[in-house]
2 protein chains.
Amino acid sequence: MKAFKIPEATVMRLSIYSRYLHQLMEEGEDTISSGEIANGVGVSSAQVRKDLAYFGEFGTRGVGYKVSELYCQLMKILGLDHRWNTIIVGAGKLGSALALYQGFSDRGFNICAILDVNPDIIGNTLGELEIKSLQELAALVLQHEIQIGVIAVPAAHAQDVTDQLLEAGVKAILNFSPRVLKVPPDIVLRNVDLSVNLEILSFNLALNR
Amino acid sequence: MKAFKIPEATVMRLSIYSRYLHQLMEEGEDTISSGEIANGVGVSSAQVRKDLAYFGEFGTRGVGYKVSELYCQLMKILGLDHRWNTIIVGAGKLGSALALYQGFSDRGFNICAILDVNPDIIGNTLGELEIKSLQELAALVLQHEIQIGVIAVPAAHAQDVTDQLLEAGVKAILNFSPRVLKVPPDIVLRNVDLSVNLEILSFNLALNR
DNA sequence: TGGAGTTAGTGAAAAAATTCATTATCGCTG
DNA sequence: CAGCGATAATGAATTTTTTCACTAACTCCA
């Protein structure tokens, strides 16, 4: 385990750098400087170097970074050098979209199952996946060795579903419901609140009126 | 215009407080202390008071805050005391889900239109909305007096669509594509990268292995 | 009406994150 | 192979954000 705490903002930027590097690889770039990365993703070059410095030395002074090498290092740091098994709970608008979203699979997240309580949609298929009953949660988590649970249910049921996921052995939760979840300290929790993002936009728009 | 810069983290928390207050109103609560809000949303009470202090004095010492009153104040601060007209560009998985997502409308965002380039889906309906051609972008923005554009197109087209939106007069962009967009300084831009969130989860999972 | 108990507001201290500026290396050129 | 230009690494300074701790003000109760 890494000894020191890494700022979340740093991790977020590493993820962005890695995607930018991927793009550069496709464009056939061989080496790149911190300044160019900075420019490409909209931060300062010092920021790029500082972020990388948490994890080691990856570049060559006077030259820059080897694109493919830095990319691999970042993927390893981000834990994306292997795939994660994921379950989505809630097959409404959002859950369905997430299940079908290509981006997750592209970055190493296998969507192994999607669940719902609504009998009308259980059995329907979303791409390759069949919507299963919530009652199968524990069995599916076990069967697919699932590490990550995605919450896409209404706020009122979010905590209940979370408890079931943790009970079944899931180690991380990505919560799309607008509800603060209580989880033990060793569980990794991340909240994505779509309307919060629109509201930050709204706040900034309202400032200049 | 507010004179001083407000940390984005503060704005995000205000949005979360406001939703928690809404929940409390439905539960019939009348007054609440900073400590209880803090507990409900998982921050410290000092944090709650400091966040509010940027905008004025809303509580009564020795008592707390009047739930409904604080809620209204926050909604005003967040610019949610009136509705915003919004257009979604891209009617793929993500764009469709966003268009159908009830949460946006609940919080004051009218989805006025959704566009795509794919002739196979133009004309299809999503709930109340008909998918229109991208060519109608400028006309629709004008017609509906749209202030906010949501980008849900593949990365390769994100900048182009952004330019078209700004050209048409949109003042804020919510970008769901994994691409860094260039916009003039007076435009409000916010990026939501769904896989970044999963990757931060992955990073934290990978730490403890 | 006064004292005890709460709790908002707030300046100061601490912690965290970012930026700056210096140093150390590298590759290249003559 | 020495010197120059470029750029990563990094410690220091700065800025930003959070936490702490104190003060002010309200309610309730005797």
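The chains referred to below are lettered A, B, ... by the order of the sequence lines, with proteins before strands, and numbering in each begins at 1. Keep in mind that the numbers below use all heavy atoms, side chains included, and drop hydrogens, waters and symmetry copies.
Two residues, B/Gly62 and B/Ser44, neighbour DNA chain D, and the one matched to the more 5' nucleotide by heavy-atom proximity is B/Ser44. Taking the nucleotide of DNA chain C with the nearest heavy atom to each of B/Lys50 and B/Ile32, the more 5' of the two is matched to B/Ile32.
One can place NZ of A/Lys66 at 15 Å from P of D/dA8, the figure rounded to the nearest angstrom. Remark: P of C/dC26 and CD of A/Glu57 are 10 Å apart, rounded to the nearest angstrom. In this structure, A/Leu52 atom CG and D/dA9 atom P are separated by 7 Å, rounded to whole Å. Straight-line distance from the CG atom of A/Asp51 to the C1' atom of D/dT10: 14 Å, rounded to whole Å. For B/Tyr54 and C/dT10, the OH to P distance is 13 Å, given to the nearest whole Å. Distance, A/Phe58 CZ to D/dA8 P: 13 Å, rounded to whole Å. D/dT17 atom P lies 13 Å from atom CG of B/Leu14, rounded to whole Å. Protein atom CD1 of B/Ile37 is 14 Å distant from nucleotide atom C1' of C/dG9, rounded to whole Å.
The base of C/dG9 is not paired with the side chain of B/Arg61 by any donor and acceptor separated by under 3.5 Å.
Residue A/Ser34 places at least one side-chain N or O under 4.0 Å from the OP1 or OP2 atom of D/dA8. Under 4.0 angstrom from either OP1 or OP2 of C/dG9 there lies at least one side-chain N or O belonging to B/Tyr65. Under 4.0 angstrom from either OP1 or OP2 of D/dT19 there lies at least one side-chain N or O belonging to B/Gln47. For A/Arg13, a side-chain nitrogen or oxygen approaches OP1 or OP2 of C/dT18 to under 4.0 Å.
Here the straight-line distance linking atom CG of B/Leu78 with atom CE of B/Met12 works out to 11.5 Å at 0.5 Å rounding. Between the NZ atom in A/Lys132 and the CG atom in A/Asp116 there is a gap of 13.5 Å [rounded to 0.5 Å].
The residues B/Asp51 and B/Arg13 are annotated as salt-bridged, a charged nitrogen and a carboxylate oxygen being separated by less than 4.0 angstrom. Here A/Arg49 does not pair with A/Glu57 in a salt bridge; the nearest charged N to carboxylate O distance is not below 4.0 Å.
Of all nucleotides listed (D/dA9, C/dT10, D/dT18), D/dA9 comes nearest to the side chain of A/Arg49.
Between A/Phe55 and B/Phe203, the ring planes are perpendicular. Angles over 60° get that label, and only those under 30° would be called parallel.
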